[in-house]
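Quick caveat: nothing in here was measured; it's all calculated off a predicted structure.
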Amino acid sequence: MAAAVSIVNVVKHFGALQALAGVSLDIAEGEFFGLLGPNGAGKTTLISTLAGLVRADSGNLAVLGHDVVKDYRKARSLLGVVPQEIVFDPFFSVRETLRIQSGYFGLRRNDDWIDEILENLDLTGKADTNMRRLSGGMKRRVLVAQALVHKPPVIVLDEPTAGVDVELRQGLWQFVRRLNGEGHTIILTTHYLEEAEALCGRIALMKQGRIIALDTTANLMAAHPGGSLEDVFVRTMNQ
């Protein structure tokens, strides 16, 4: 099966801090993949290099065969990223925000898909509401909608349910499972280990800019006493 994401020996420093220390990883098309680790492990830096927001010091990254530096425009069009930080334009409504995001990818008359996203993320009632008037949880839903608006084949969810209610978490995962079932590759970072255990077929554990464990979720849990992903995480990080 072809690689949806290919990461080869990626190194990144911020001054004296080595954020990524030679990370290599292939994620197959159609996978639901978990990227886990404590704060400062390098997960967000790796995602930022994949999205072209941060330039790696060395190494190569590609999305469906398109190099994220040499063929940035194509690689970025194939990727949808939900960031950790809530960033929004305060001058537009939810629907206007999604229409503008569609325009960034050259999409016109995208309202049918926008309506479907709004419905699945329980945002239909807020479609004409200014972004400034939304709660933090609602703003995070809009971030998810923005990442999906151009129907990217590879979707990266960086802590998408941090600080949001249980109802949204359940609705979001139902929608994302559907997208994964339709062939979209999903890459998830989360501190909710029960989410990763339930959703991800394969998991990489990161620590101090390195991948220290990589296997199917079932194999990782079977290899550690206790049999839960939380047990795996704690024992691996303390080694």
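- Linking Ile, Leu, Val, Met, Phe, Trp and Tyr residues whenever their side-chain heavy atoms come within less than 4.5 Å places Val69 and Val81 in a single cluster.
- Ile212 and Leu220 fall within the same hydrophobic cluster, where Ile, Leu, Val, Met, Phe, Trp and Tyr residues are linked whenever their side-chain heavy atoms come under 4.5 Å apart, directly or through other members.
- In this structure, Leu35 and Met206 have side chains that are in contact, with non-hydrogen atoms separated by less than 4.5 Å.
- For Arg177, there are no salt bridge (Lys or Arg N to Asp or Glu O under 4.0 Å) partners, not counting sequence neighbours.
- Formation of a donor-acceptor pair under 3.5 Å by the Ser24 side chain with backbone atoms of Asn9 is found in this model.
- Considering CE of Met221 and OG1 of Thr216, their distance stands at 8.5 Å, rounded to 0.5 Å.
- The line from CD of Glu159 to NZ of Lys43 is 6.5 Å long, rounded to the nearest 0.5 Å.
- Side chains of Pro152 and Leu78 form no contact here, defined as non-hydrogen atoms less than 4.5 Å apart.
- Linking Ile, Leu, Val, Met, Phe, Trp and Tyr residues whenever their side-chain heavy atoms come within less than 4.5 Å leaves Val68 and Val11 in two separate clusters.
- Here the shortest heavy-atom pairing between Val23 and Ile7 reads O-CG2, 3.4 Å.
- In this structure, Glu96 contributes its side chain and Ser93 its backbone to a donor-acceptor pair below 3.5 Å.
- For Glu182, the CD atom counts as densely surrounded, since its 6.0 Å shell holds more than 12 non-hydrogen atoms of other residues, nucleotides or ligands.
- Side-chain contact between Val176 and Ile155 is absent, with no heavy-atom pair separated by less than 4.5 Å.
- The cluster map of Ile, Leu, Val, Met, Phe, Trp and Tyr, joined by side-chain heavy atoms under 4.5 Å apart, puts Phe175 and Val144 in the same cluster.
- For CD of Glu116, the number of neighbouring non-hydrogen atoms (other residues, nucleotides, ligands) closer than 6.0 Å is greater than 12.
- Residues Pro160 and Leu188 come closest through the heavy atom pair CD-CD1, 3.7 Å.
- For Asp158 and Thr44, the side-chain atoms include at least one donor-acceptor pair closer than 3.5 Å.
- Of all heavy-atom pairs between Phe32 and Leu199, the closest is CG-O, 3.4 Å.
- Side chain of Gln18 to main chain of His13: no donor-acceptor pair is present (N/O by atom type, distance under 3.5 Å, no hydrogens or angles).
- More than 12 heavy-atom neighbours from other residues, nucleotides or ligands sit within 6.0 angstrom of CZ on Arg178.
- More than 12 non-hydrogen atoms from other residues, nucleotides or ligands lie less than 6.0 angstrom from NZ of Lys207.
- Counting heavy atoms from C-beta outward, Leu134 and Val94 have side chains that approach closer than 4.5 Å.
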| field | Worked verdict on Ile211 versus Leu214 for side-chain contact (heavy atoms from CB on, under 4.5 Å) | value | CA-CA 7 Å; Ile211 292 177; Leu214 173 63; 4.2 Å; yes
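- In this structure, a donor-acceptor pair under 3.5 Å is present between the side chains of Asp26 and Ser6.
- Cluster annotation: Ile47 is connected to Leu64 through the hydrophobic network of ILVMFWY side chains, with a link wherever side-chain heavy atoms come within less than 4.5 Å.
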| query | When you look at His184 and Val154, which way does the side-chain contact (heavy atoms from CB on, under 4.5 Å) test go after all the steps? | reply | CA-CA 6 Å; His184 293 260; Val154 181; over 6 Å; no
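- When the side chain to side chain contact (heavy atoms under 4.5 Å, CB included) test is applied to Asn110, the partners found at least two apart in sequence or on another chain are Ser102, Leu107, Trp113, Ile114, Val149.
- Every residue two or more places apart in sequence or in another chain that forms a side chain to side chain contact (heavy atoms under 4.5 Å, CB included) with Arg169 is listed here: Thr161, Val164, Trp173, Tyr192, Glu194, Glu195.
- Minimum heavy-atom separation, Asn219 to Asp215: ND2-OD1, 3.1 Å.
- Residues Thr217 and Arg202 form no side-chain contact, since every pair of their non-hydrogen atoms from C-beta on lies 4.5 Å or further apart.
- Here the shortest heavy-atom pairing between Asp67 and Ala75 reads O-CB, 4.0 Å.
- Using a 4.5 Å cut-off on side-chain heavy atoms (C-beta onward), Leu205 and Met237 make contact.
- Taking both residues in full, the closest heavy atoms of Leu229 and Leu193 are given as CD2-O, 3.6 Å, listed atom of the first, atom of the second, then distance.
- No donor-acceptor pair under 3.5 Å is formed between the side chain of Arg95 and the backbone N or O of Ala127.
- In this structure, the separation between NZ on Lys126 and CZ on Arg141 is 9.5 Å, given to the nearest 0.5 Å.
- Rounding to the nearest 0.5 angstrom, the gap separating the CD1 atom in Ile27 from the OG1 atom in Thr185 is 8.0 Å.
- Val10 has its side chain out of reach of Asn60: every pair of non-hydrogen atoms, C-beta onward, lies at least 4.5 Å apart.
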| task | Please test Leu98 against Leu118 for side-chain contact (heavy atoms from CB on, under 4.5 Å), starting from the C-alpha separation and ending with a verdict. | result | CA-CA 10 Å; Leu98 297 182; Leu118 292 173; 3.8 Å; yes
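- Between Met138 and Leu123 there is a side-chain heavy-atom pair separated by less than 4.5 Å.
- Of the inter-residue distances, the one linking Leu148 atom CG with Leu157 atom CG reads 7.5 Å to the nearest 0.5 angstrom.
- In this structure, Lys12 forms a cation-pi arrangement with Phe14, its terminal cationic atom sitting closer than 6.0 Å to the ring centre and no more than 45° off the ring axis.
- A donor-acceptor pair under 3.5 Å is formed between the side chain of Glu31 and the backbone N or O of Ala28.
- Atom-to-atom distance recorded for Tyr72:OH and Leu79:CG is 9.0 Å, nearest 0.5 angstrom.
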| task | Decide side-chain contact (heavy atoms from CB on, under 4.5 Å) for Phe92 and Ile100; before the verdict, give the C-alpha distance in whole Å, the side-chain angles of both, and the deciding distance to 0.1 Å. | result | CA-CA 9 Å; Phe92 300 105; Ile100 291 168; 3.8 Å; yes
